[in-house]
Amino acid sequence: AQSVTQLGSHVSVSEGALVLLRCNYSSSVPPYLFWYVQYPNQGLQLLLKYTSAATLVKGINGFEAEFKKSETSFHLTKPSAHMSDAAEYFCAVRPSFGNEKLTFGTGTRLTIIP
Amino acid sequence: SAVISQKPSRDICQRGTSLTIQCQVDSQVTMMFWYRQQPGQSLTLIATANQGSEATYESGFVIDKFPISRPNLTFSTLTVSNMSPEDSSIYLCSVGQGASNQPQHFGDGTRLSIL
């Protein structure tokens with residue numbers, strides 16, 4: 001069974017600093033990967049997805065992620081953090097074949113320091 | 001993407017009672033899913049709601065505790081039965097079109113507290 005690991009359950013960055021949230025997957029075949037954001041008292045919102053096209057994927061709100069097969073990673077980045085980026089971020093994986101379910105990482109809570 | 005409405009958005013219930021959560025989508029969707037998110041935790045899939053047939057439950061979840069209906073391609077309900085404090089969670093409805101490369105979309109969730 002495939003899985004994703006999110007390193008760092010809590011990440012704090014200063015406003016204006018680089019945001020880096022880590023996600024590593026385990027799969028023998030490159031899967032489809034997704035990043036979601038959950039703001040307080042809300043559901044999950046899709047930030048971006050990797051579906052075997054371009055390895056550098058741009059999403060909403062200035063976020064992007066790069067798929068690196070050699071490192072089995074799909075880290076989420078944003079050049080300059082805003083206060084409004086404070087939220088919980090989830091990486092999720094699904095096999096690129098079949099009709100398997102979406103599997104979520106444990107999440108990373110991002111705090112922005114003024 | 002589809003607009004997903006969940007009702008109620010939150011509730012406080014007494015131990016031993018049951019609550020039915022509704023999920024309405026503004027377009028027809030192939031797949032509907034129900035997730036549980038316990039406090040401070042990630043999402044756990046409860047079941048896949050199949051239109052016209054019984055739901056498919058994940059390991060650790062049973063129909064008697066979490067009966068699900070899906071009468072058509074735009075609506076589903078999840079009932080949390082005989083509730084205990086351990087059922088205090090966020091319950092999320094999610095929809096997809098069945099293709100692996102397409103994302104699932106989520107409602108805002110139902111925040112349930114059991115006293």
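In what follows, chains are A, B, ... by sequence order, proteins preceding strands, each numbered from 1.
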Interchain contact, Gln45(A) with chain B, by part (heavy-atom threshold 4.5 Å): neither
Using only atom types and a distance under 3.5 Å, with no angle test, would you say the side chain of Arg94(A) pairs donor to acceptor with the backbone of Pro103(B)? no
Out of curiosity, does Tyr35(B) fall in the hydrophobic cluster containing Leu46(A) (side-chain heavy atoms, cut-off under 4.5 Å, transitive links)? yes
What distance separates Ile90(B) CD1 from Gln42(A) CD, expressed to the nearest 0.5 Å? 11.0 Å
Does Tyr36(A) use its side chain to pair, donor to acceptor, with the backbone of Gln104(B) at less than 3.5 Å? yes
Is there a path from Val95(B) to Ile46(B) through hydrophobic residues (I, L, V, M, F, W, Y) whose side chains come within less than 4.5 Å of each other? no
Taking CG in Leu115(B) as the centre, count heavy atoms belonging to other residues, nucleotides or ligands within less than 6.0 Å. Is the count above 12? yes
Co-membership, hydrophobic cluster, residues Val29(B) and Phe106(B), 4.5 Å side-chain: no
Given heavy-atom pairs under 4.5 angstrom as the criterion, report whether the side chain, backbone, both or neither of Phe34(A) touches chain B. side chain
Please look at Glu58(B) and chain A and tell me whether the side chain, the backbone, both or neither of the residue comes under 4.5 angstrom of a heavy atom of that chain. side chain
Would you mind checking which part of Gln41(B) comes under 4.5 Å of any heavy atom in chain A, side chain (CB onward), backbone (N, CA, C, O), both or neither? backbone
Between Val19(A) and Leu56(A), is there shared hydrophobic-cluster membership here, with clusters defined by ILVMFWY side-chain heavy atoms closer than 4.5 Å? no
Heavy-atom closest pair, residues Asn41(A) and Arg111(B): C-NH2, 3.0 Å
Got a donor-acceptor contact below 3.5 angstrom from the Thr106(A) side chain to the Ser42(B) backbone? no
How long is the gap from CG on Leu44(A) to CD on Gln37(B), to the nearest 0.5 Å? 6.5 Å
Step through the shown structure and confirm whether more than 12 heavy atoms of other residues, nucleotides or ligands are within 6.0 Å of CD on Gln97(B). yes
Chain A contact via Phe33(B) - side chain, backbone, both or neither, heavy atoms under 4.5 Å: neither
With hydrophobic residues grouped by side-chain heavy-atom distances under 4.5 Å, do Tyr91(B) and Leu102(A) end up in a single group? no
